[in-house]
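Inspection log for the structure reproduced underneath, given as structure tokens.
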Amino acid sequence: MMEKIQKIIQEALKNLSIDESNFSIEHPDDFKNGDYSTNVAMVCAKSLKTNPKELAEKIKLELEKNLINEISKVETAGPGFINFYLSREFFTESVGEVLNKKENWGKNQILSGKKIMVEYTDPNPFKPFHIGHLMTNAIGESISRIVEFSGAKTVRANYQGDVGPHVAKAIYGIMKMGLPSDGMSIGEKAHYIGKCYTEGSNLYDTDENIKKEIEVINKKVYDKTDGEVNKIYDWGRAITLEAFEEIYKLLGTKFSDGCYFFESIMAPIGEKIVRENVGKVFTESDGAIVFHGGEYDKKLHTRVFINSQGLPTYETKEIGLTVTKFEKENPDLSIVVTATEQAEYMKVVQKAISLIHGDYESRMNHITHGMMRFASGKMSSRKGNVITGESLLHDSMDMVLEKMKEREMGDEEKNKISEVVGVSALKYSILKSSLGSDIIYDPLKSVSFEGDSGPYLQYTSVRANSILNKAKDFNTDDKKDIPEEVTELEKYIYQFPEVVEHAYEKLEPHHIATYLTELASSFNTFYGNTQILKEENKNALYHLNLIKAFYQTMKNGLWLLGIEIPERM
RNA sequence: CGGAGUGUGGCGCAGCCUGGUAGCGUGUCUGACUUCUGUUCAGAAGGUCGGGGGUUCGAAUCCCUCCACACCGACCA
């Protein structure tokens with residue numbers, strides 16, 4: 001539609017012999033000012049040095065000469081805006097379009113034929129899955145789905161630190177505290193390993209002798225010379241990875257085959273590349289191999305890539321990872337999602353990589369997000385433990401279950417619903433804000449069925465679906481009139497593809513979240529003021545189609561956020 | 001000190017790219033209906049958009065500067 005309006009404006013300008021193409025068309029903030037609005041008169045008035053209001057009137061008259069039937073009227077307003085009002089026919093057709101396209105409604109082909117790799121989550125074996133991982137996962141999954149909706153083939157990648165001091169600390173902890181009992185579930189064993197890590201980590205910081213012991217273990221983890229260390233390592237790595245899989249399943253993420261990358265593999269690959277480029281890209285300094293980013297861009301730091309003990313740092317592993325990704329999958333774009341604390345270091349690493357592989361430079365994109373903070377101040381989970389991503393997720397599901405106590409349905413169904421709704425509460429809390437800032441997580445508000453929350457969006461959708469189910473026994477034969485007036489609901493629905501496109505351009509999921517909340521709210525207004533399944537309602541057929549279109553839009557939109565709609569709530 | 005973020009009604013946020021005179025949710029106050037899932041609907045009050053300066057007919061939006069908060073800044077990731 002935007003294109004059509006642009007075209008008729010250009011024609012009108014041509015007829016008025018005005019040469020200008022640098023105008024914008026957008027949706028006014030308020031529906032009172034039409035469905036689309038353009039600043040063309042104000043832009044032209046500047047260069048022509050005429051009164052924008054008069055020029056707007058002139059253009060308006062020209063536009064009215066051959067108006068397309070999707071537009072019912074054109075008006076001038078304010079300092080020189082031209083507002084377009086879409087016609088009944090347009091909205092009726094757009095509802096039909098949604099019903100036709102179904103799960104494809106809102107998709108576009110901007111990235112058709114492109115392969116995009118998204119790396120996200122990145123938890124570390126032997127350590128708990130924490131809140132940051134939860135955030136990165138929610139964002140990465142949503143970004144993956146947004147690019148997928150824009151026509152790209154998406155590859156989901158995960159990068160995990162299976163070597164390094166944290167592993168040695170955990171192994172020391174396990175050696176000290178013993179193996180867990182066989183009766184434990186995978187999740188419980190992983191939790192136990194997390195506790196061992198904390199124990200080892202604390203001792204590392206407070207006891208010089210133990211610190212030395214752990215450093216010895218760290219070396220053994222790398223060189224694989226100690227049978228006992230190897231045994232604990234293999235066991236612990238497998239358990240934690242399996243526990244992560246359970247969480248991914250709950251969150252709705254499935255990483256692509258062969259796209260689990262590990263630091264232990266990336267380290268030697270990166271190290272080789274770094275050593276080959278000493279003197280060219282990297283320099284020796286104080287016994288270490290470093291990269292002076294500042295030589296290429298004043299803003300970049302100097303970073304150590306191989307430390308003075310000859311061990312590769314995270315930067316070097318990142319080089320190995322990036323090169324491996326491109327050689328293995330050759331994506332048109334490789335996106336990495338992490339917290340902002342990695343922003344500066346990643347710039348340095350990417351600069352170093354582009355000096356070696358110039359063709360990767362424009363194909364690397366790093367997306368960063370803020371931290372999660374708690375509305376209530378101090379963070380402690382319901383059971384009084386340190387909050388991990390996993391405990392947060394389960395607390396959220398428990399809170400939903402509590403709210404559903406009065407519902408008349410079986411325990412099994414309640415449990416299933418509280419999973420889907422609990423995940424949604426958390427995901428929405430993360431995805432509703434722009435990525436740049438920290439998010440304030442309020443558990444109570446996040447599971448609220450009203451207002452700005454994932455459950456609210458789900459609940460509204462469920463109610464819509466419930467009407468559709470009831471309507472199966474409702475005869476609409478004599479209720480096929482098309483209503484004259486256009487509801488706000490219709491004015492939101494047709495905008496969905498534009499919102500998706502915008503979210504893709506910015507790579508910002510919150511645009512979807514904000515839109516869906518407005519959409520759901522407009523549905524509730526409609527729902528609250530219209531009785532659909534009534535004999536007197538001559539528009540029932542159209543209304544039901546409208547509700548179907550609404551439901552489809554919510555379904556597709558929530559999918560982009562990684563949220564499912566349950567059958568009932 | 002340098003870099004890169006963030007700052008908008010009590011609280012949580014959108015709008016900033018592309019300038020048109022501030023919107024959403026929650027909370028507070030008032031009213032409605034109890035129906036297709038009332039966890040709803042209608043309405044009201046509440047903001048000099050962190051401070052100052054500049055550009056412009058017009059600035060939350062662009063530029064400069066200051067302040068506050070959290071992040072990064074050579075051998076952690």
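Every chain is numbered from 1, with letters handed out A, B, ... down the list of sequences.
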Problem set entry | Earlier contact from the 5' end, RNA chain B, for R303(A) and F81(A) | F81(A)
Exercise. More 5' along RNA chain B: K470(A) or D30(A), using each one's nearest nucleotide?
Worked result: D30(A)
Problem set entry | Side-chain N,O (H292(A)) to OP1/OP2 (rA74(B)) below 4.0 Å | no
Exercise. Are any of T340(A)'s side-chain N or O atoms less than 4.0 Å away from OP1 or OP2 of rA70(B)?
Worked result: no
Exercise. Between the base of rC13(B) and the side chain of S433(A), is there any donor-acceptor pair under 3.5 Å?
Worked result: no
Under 4.0 Å, heavy atoms only, any strand: does [X] hit a base, just the sugar-phosphate, or nothing?
| X | answer |
| --- | --- |
| G161(A) | nothing |
| H166(A) | nothing |
| M371(A) | nothing |
| E505(A) | nothing |
| K534(A) | nothing |
| I440(A) | sugar-phosphate |

Exercise. When you compare rC16(B) with rU21(B), how far apart are their P atoms, in angstrom units rounded to a whole number?
Worked result: 14 Å
Exercise. Which base, if any, makes a Watson-Crick or G-U wobble pair with rA32(B), both distances under 3.5 Å?
Worked result: rU40(B)
